Amino acid sequence: MDSSAQAVIQVKNLYKIFRVGEEKVRALNGVDLTIRRGEFCAIVGTSGSGKSTMLNMLAGLEKPTKGEVIVAGEHLERMSENELVRFRREKVGFIFQSFNLLQTMNAIENVALPLTFRGVDKKTREARAEKMLKLVGLSTHTKHRPTEMSGGQQQRVGVARALVLDPEIIFADEPTGNLDSRTSEEVLGLMRRVVQENNQTMVMVTHDRHLAGFADRIFHISDGKIVKIEEQQEYREDEK
Amino acid sequence: MKFSDLLRMSASNLLRRKLRTVLTVLGVLIGTASIVVMISLGLGLQKSSLEQIEQYGGLTTIDVYNWTDYYSSSETDTDALIDDEVVEAIGAIPHVEVASPILSVSVMAKFGGYEAWLTVCGMSQEALQSMDIEVSEGSLPTDSDTLEFFYGNQVITDFYKAKTYEYYWETGELPDVDLMNDSIFFIFDTDAYYNSQYDSSVSAPKKYLVPASGLMAGGVDEYKDNCYYVLADIDALRAQLKKVFKNSVIPGQPSTKSGKAYKDIYYEEVYVRVDDMNNVSEVMEEIQNMGYTASSNAEWMEQTQQQMSMIQLVLGGIGAVSLFVAAIGIANTMMMSIYERTKEIGIIKVLGCDLKDIRTMFLMEAGFIGFFGGLIGLVLSEIISLIINQVAGGASGGYYSGISYIPIWLVGVALVFAVLVGMLAGLFPALRAMRLSPLAAIRNE
Ligand SMILES: Nc1ncnc2c1ncn2[C@@H]1O[C@H](COP(=O)(O)OP(=O)(O)OP(=O)(O)O)[C@@H](O)[C@H]1O
Ligand SMILES: [Mg+2]
C-alpha cells in the first residue's frame with residue numbers, strides 16, 4: 001500500500017469506559033490509529049479485549065467517553081444521533097456476524113434496503129440490487145427469503161447489502177463468525193476482491209488468526225489498547 | 001425515504017400480524033361506532049325538535065305587536081301605532097327579508113244551515129309566498145283586486161249548525177260545507193249583525209260572496225302554523241273593508257276623540273321574516289328599540305339547543321369511553337410490535353434509516369389502524385342507525401323523521417378523529433422506536 005495515501009479513519013486518544021454498578025470497565029483505554037484509503041484492516045484480539053467496541057465507535061454506533069474519531073473527514077464524537085444516521089447512510093456499509101437480514105424480505109429487497117432509505121425509486125434500486133447479487137454469485141437466489149438460504153448465502157446477501165451503496169468504508173464485525181472455515185474463506189475472498197476493485201476501505205474484526213491474514217494490516221488489541229500493528233507487504237494469492 | 005416506501009413498509013408490517021391487527025382494528029371499530037351512534041341519537045333528537053319548532057311558526061319569523069291598548073284610551077297617540085311607514089321601517093332593518101302587516105278582522109260566514117266565526121288575516125303577497133304553505137287545492141290568494149279567501153286546514157271545524165250550535169268536536173261529523181266550491185256568504189259588520197239579531201228595528205247588514213282561492217294541505221286534526229285562519233291578500237281585504245264600512249270606523253281600528261275613523265289603517269301585528277336563524281335575536285332587539293313588542297321562537301329554540309348540546313355531550317362522552325379503551329389497545333399493540341421488532345429497528349438504524357422515517361412508519365401503522373377501524377365503524381354505525389330508525393320509526397307511528405341522524409360532517413369528523421386517536425396512541429411507541437439503540441442489532445442472541 002502506498003503510505004502517502006490519505007487517512008480515511010483517524011482515532012486520537014480514544015477512551016470508552018462502561019460503568020457497571022460501582023465498577024468501571026475500560027473497554028478502550030487510549031487508542032490511537034490511522035487507516036488509509038483503500039486499506040483492508042483486521043482487528044484481532046482475545047474475547048473482551050474491546051474489538052467490537054472499537055468498531056462500533058468507528059461506525060458511529062456508540063459515543064466515545066473521551067477522544068476523537070474522525071471518519072471520512074467528519075468528527076463523529078461531535079455528531080447528534082440524527083447526523084450519525086445520515087453519516088452511516090452516506091458513508092458506511094456494515095456487515096454483521098449474524099447476517100441480520102430482514103426476515104420478511106427476500107434477498108433482493110434486503111440488498112435494496114439501504115437504497116430505500118436514500119429515497120431511490122423501486123425500479124432503480126432493484127436493478128442495482130440484482131447487479132450486486134450477481135456480483136456475490138447469488139443471481140439464482142434473488143427471490144429467496146433468509147430462511148430459505150444457507151448461512152454462507154445469507155452472508156453473501158449481507159455483503160451485497162453493505163456494498164450496494166458503494167460506501168467509502170465497510171465495517172464488519174466477525175463477518176464469518178457463523179460460517180465454517182471453507183465458506184469463511186470464500187466470503188472473505190469475495191469481500192477482499194470487491195473492496196480492492198473499488199478502492200474502498202474495509203475494517204474487519206475477527207478472532208481467527210488465519211482469516212486476519214487476508215488483511216493489509218492487522219491491529220492487535222488487548223485490554224483496550226493496541227499492542228501491535230502487523231504490516232503485510234502483499235496479499236498472498238497463493239493462500240486462497 | 002419515499003412516502004410510498006414508508007406506506008408499503010407500514011402496511012406490510014400490519015399484514016404480518018393479521019390477527020393482532022384485526023383485533024386492534026375491531027377495538028377502534030367498536031369505539032367509533034359507539035361514539036357515532038350516540039352522537040347521531042343526539043342529533044336526531046335535535047333535528048326532530050327543530051322540526052317541531054318549525055311547525056309552530058318557523059325559526060326565522062318574528063311577530064311584532066303593539067301593546068298600546070287603543071280600545072280603552074281614545075287618547076291614543078297615533079305615532080305609536082303600526083302603520084305602513086312603521087312596517088316599511090322594519091323592512092329596512094338588515095337581515096329582514098319580508099315585513100308584512102297583518103290586518104285581521106273577524107267575520108261571520110254563512111252557508112246552508114251552518115255558521116262560523118272566522119278570523120281573516122290579510123297579508124302582503126310577499127309574506128304569503130314566504131310562509132311555505134302547502135296548498136292542497138287551488139292556490140294562495142292572488143293579488144287581484146277582488147277579495148279571495150284561502151282556508152287553513154282547521155277552518156272547517158269552526159262551522160256549527162245554526163240551529164243547534166253543534167260543533168265538529170261534539171258531533172265528530174265534518175260540516176257539510178265545501179269551502180272550495182260552495183257559495184259562502186260573509187258578514188263583515190258583525191256588530192250590526194249582532195244588533196239585528198236582537199233588535200228587529202235594525203236592518204241586517206249586507207252579506208258578501210267571497211270566492212275561495214285555495215285550501216291548505218293537511219287533515220282536520222293536523223296542527224300547523226295558520227291552520228285555523230283564513231288568509232287573504234291585504235290590499236284586497238283593505239279595499240273590501242273600506243267598501244263595507246265607508247266612513248265609519250272599521251272594527252278593531254282606533255278612532256279619533258270624536259269617534260271618527262282615521263284616514264290611515266293601523267295594524268295590530270307585523271309578520272317579519274329574517275334571512276337566518278342566527279340573526280333573529282339581533283333583529284328582535286332592533287324592533288324592540290323602536291318601541292314595539294317582538295316575539296319569536298328564538299328563546300324556545302335556544303333552550304332546546306342548550307338541552308340538546310347537553311344531551312349530545314353526555315351521549316358523546318359515553319361513546320368516547322369506548323374509543324379511549326380502543327386507543328389504549330392501539331398503544332398496546334404498537335408497544336408489543338416494537339418489542340418484537342427491536343432487532344429489526346436496530347438493523348435499519350445501522351443501515352442508515354432516518355429517525356424521522358422510523359417515527360413516521362410507526363405513526364402510519366397506528367394511523368392505519370385508526371383509519372380502518374373508523375371506516376368500518378362508520379359502516380356499522382350506518383347500519384345500526386338504519387335499524388334504530390326502522391324499529392323506533394315503526395313504534396312511534398312515523399312521527400319522528402328519525403331518532404338517529406348521521407349528517408355527512410359527522411362521517412368526516414369521525415374518520416379524522418379515529419385516525420388522530422390512532423396516531424396519538426401510536427405517538428409514544430413511535431418515539432420509543434425512534435430512540436431504540438442501533439446496538440441491539442449488533443448483539444448476538
Ligand atoms: N454495554 C456495555 N456495558 C458494559 N460493559 C460493556 C458493554 N459493552 C462492552 N462492555 C465491556 O467492554 C469490554 C470489551 O467488550 P467488546 O464487546 O468490545 O469485546 P470483544 O473484543 O468484541 O469481545 P468478543 O471477541 O467476545 O466479541 C468487555 O469487557 C465488555 O464486558
Ligand atoms: Mg465482539
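Only heavy atoms go into these numbers, but all of them, side chains included; no hydrogens, no water, no symmetry mates. This is a predicted model, so every value here is computed, not measured. The chains referred to below are lettered A, B, ... by the order of the sequence lines, with proteins before strands, and numbering in each begins at 1.
With a threshold of 4.5 angstrom between heavy atoms, A/Glu62 approaches chain B through side-chain atoms but not through N, CA, C or O. Proximity to chain B (any heavy atom under 4.5 Å) is restricted, for A/Val120, to the backbone atoms N, CA, C and O.
Interface remark: of the candidates A/Leu115, A/Leu165, A/Asp121, A/Val92, A/Asp121 forms the most heavy-atom pairs closer than 4.5 Å to chain B.
Between A/Thr116 and B/Met1 the shortest heavy-atom distance is O-CG, 3.2 Å. In terms of heavy-atom proximity, A/Ser98 sits nearest to B/Lys343 at OG-NZ, 4.0 Å.
Put simply, NZ on B/Lys349 and CG on A/Leu61 are 10.5 Å apart, with the number rounded to the nearest 0.5 Å. Atom OG of B/Ser12 sits about 8.5 Å away from atom CD of A/Glu109, to the nearest 0.5 Å. Note that NZ of B/Lys356 and CG of A/Asn82 are 8.0 Å apart. Values are rounded to the nearest 0.5 Å.
With respect to the salt-bridge test (charged N to carboxylate O, under 4.0 angstrom), the residues A/Glu81 and B/Arg435 do not qualify. The pair A/Arg125-B/Asp5 meets the salt-bridge criterion, with a side-chain N (NZ, NE, NH1 or NH2) lying under 4.0 Å from an Asp/Glu carboxylate O.
Inter-residue side-chain proximity for B/Arg8 and A/Lys122 is flagged as met; some heavy-atom pair is nearer than 4.5 Å. With a 4.5 Å cut-off on side-chain heavy atoms, A/Arg161 and B/Ile347 count as touching. You'll find the side chain of B/Leu351 stays beyond 4.5 Å of the side chain of A/Arg88, heavy atoms only. Under the 4.5 Å side-chain criterion, counting only non-hydrogen atoms from C-beta, B/Ile348 is in contact with A/Leu102.
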